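Here the structure comes first, spelled out in structure tokens, and everything after it is commentary.
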Amino acid sequence: FCQHVTSNMTRYSGLLLNLFYNLIGHRSKRQTLIVFICFYAAIRTYFTNKRKIKELQQMKKIKIKDAPLITFTGGGVLGFYYQGICAYLRDNFDLENGVRFAGISAGSTAAASLAARLPT
């Protein structure tokens, strides 16, 4: 019965009538308690889900800049190679207009040198 109540949240009116019919009928205290617990679980689940949906709708979407991103991976010895790439990019491309840079490990030094406009 509990699974039926929590899985079909849209039929609360019919379930509520059925619940009270079962409560009014000649049931034992144990059966009445089980019905109350299932009803409480169903109501709590319904309002928890409703609150979560409302919170998700109110969340603001993150706007990502519509700018090119240049990334460098890690790789130890590749750091020297990346510095050559940085020199080539700086000499042949306009990197002043909102270009983003990212890197990890050895690539982070290359990305930082491009972002800080350091000479190579």
Side-chain angles (χ1 to χ4, degrees):
F1 180 75
C2 288
Q3 291 174 350
H4 175 71
V5 171
T6 55
S7 65
N8 296 315
M9 291 296 169
T10 57
R11 293 192 249 166
Y12 265 112
S13 59
L15 290 174
L16 189 61
L17 291 174
N18 189 17
L19 172 73
F20 285 114
Y21 175 75
N22 286 331
L23 289 176
I24 293 171
H26 300 288
R27 301 283 180 193
S28 69
K29 289 182 181 180
R30 183 173 185 257
Q31 290 173 334
T32 304
L33 181 63
I34 289 172
V35 170
F36 269 126
I37 290 170
C38 290
F39 180 70
Y40 171 76
I43 293 296
R44 183 179 171 133
T45 303
Y46 172 75
F47 284 110
T48 302
N49 289 341
K50 192 174 183 180
R51 187 189 69 216
K52 286 180 183 177
I53 290 171
K54 192 174 186 179
E55 288 173 359
L56 287 174
Q57 290 172 344
Q58 291 176 350
M59 287 177 58
K60 294 180 180 178
K61 293 183 179 179
I62 299 172
K63 293 183 180 178
I64 298 175
K65 293 182 179 179
D66 190 23
L69 173 66
I70 298 174
T71 60
F72 298 94
T73 61
V77 179
L78 288 177
F80 300 109
Y81 175 73
Y82 288 154
Q83 291 305 321
I85 291 174
C86 291
Y88 178 80
L89 289 173
R90 194 174 295 114
D91 293 341
N92 296 307
F93 294 96
D94 180 27
L95 302 177
E96 302 293 323
N97 298 328
V99 178
R100 300 175 296 155
F101 307 100
I104 190 166
S105 190
S108 64
T109 58
S113 68
L114 280 175
R117 296 172 180 80
L118 297 176
T120 50

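Note that the coordinates shown come from a computational prediction; the quantities given were computed from them, not determined experimentally.
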Partners meeting side chain to side chain donor-acceptor pair (under 3.5 Å) with Arg51 (sequence neighbours left out): none
Set of residues satisfying side chain to side chain donor-acceptor pair (under 3.5 Å) with respect to Ser105, sequence neighbours excluded: none
Any residue meeting side chain to side chain donor-acceptor pair (under 3.5 Å) with Asn97, in chain and number order, not counting sequence neighbours: Asp94
Residues that Thr71 engages under side-chain contact (heavy atoms from CB on, under 4.5 Å), provided they are two or more places apart: Leu69, Ala102
Residues forming a ring pair (Phe, Tyr, Trp, His ring centres under 6.0 Å) with Tyr82, sequence neighbours excluded: Phe72
Side-chain heavy-atom pair Tyr88, Asp91 within 4.5 angstrom cut-off: no
Any donor-acceptor N/O pair, Arg100 side chain to Ala67 backbone, under 3.5 Å: yes
Shared hydrophobic cluster for Ile70 and Ile104 (ILVMFWY, side-chain gaps under 4.5 Å): no
Taking every non-hydrogen atom, the tightest pair across Ser113 and Gln83: OG-OE1, 3.6 Å
Pairing residues for Asn92 by the side chain to side chain donor-acceptor pair (under 3.5 Å) criterion, not counting sequence neighbours: none
Note, Arg90 side chain near Leu114 side chain (heavy atom, < 4.5 Å): yes
CD1 on Ile85 to CZ on Phe80, rounded to 0.5 Å: 14.0 Å
Heavy-atom closest contact (Ala106 atom, Gly75 atom, distance): CB-N, 4.1 Å
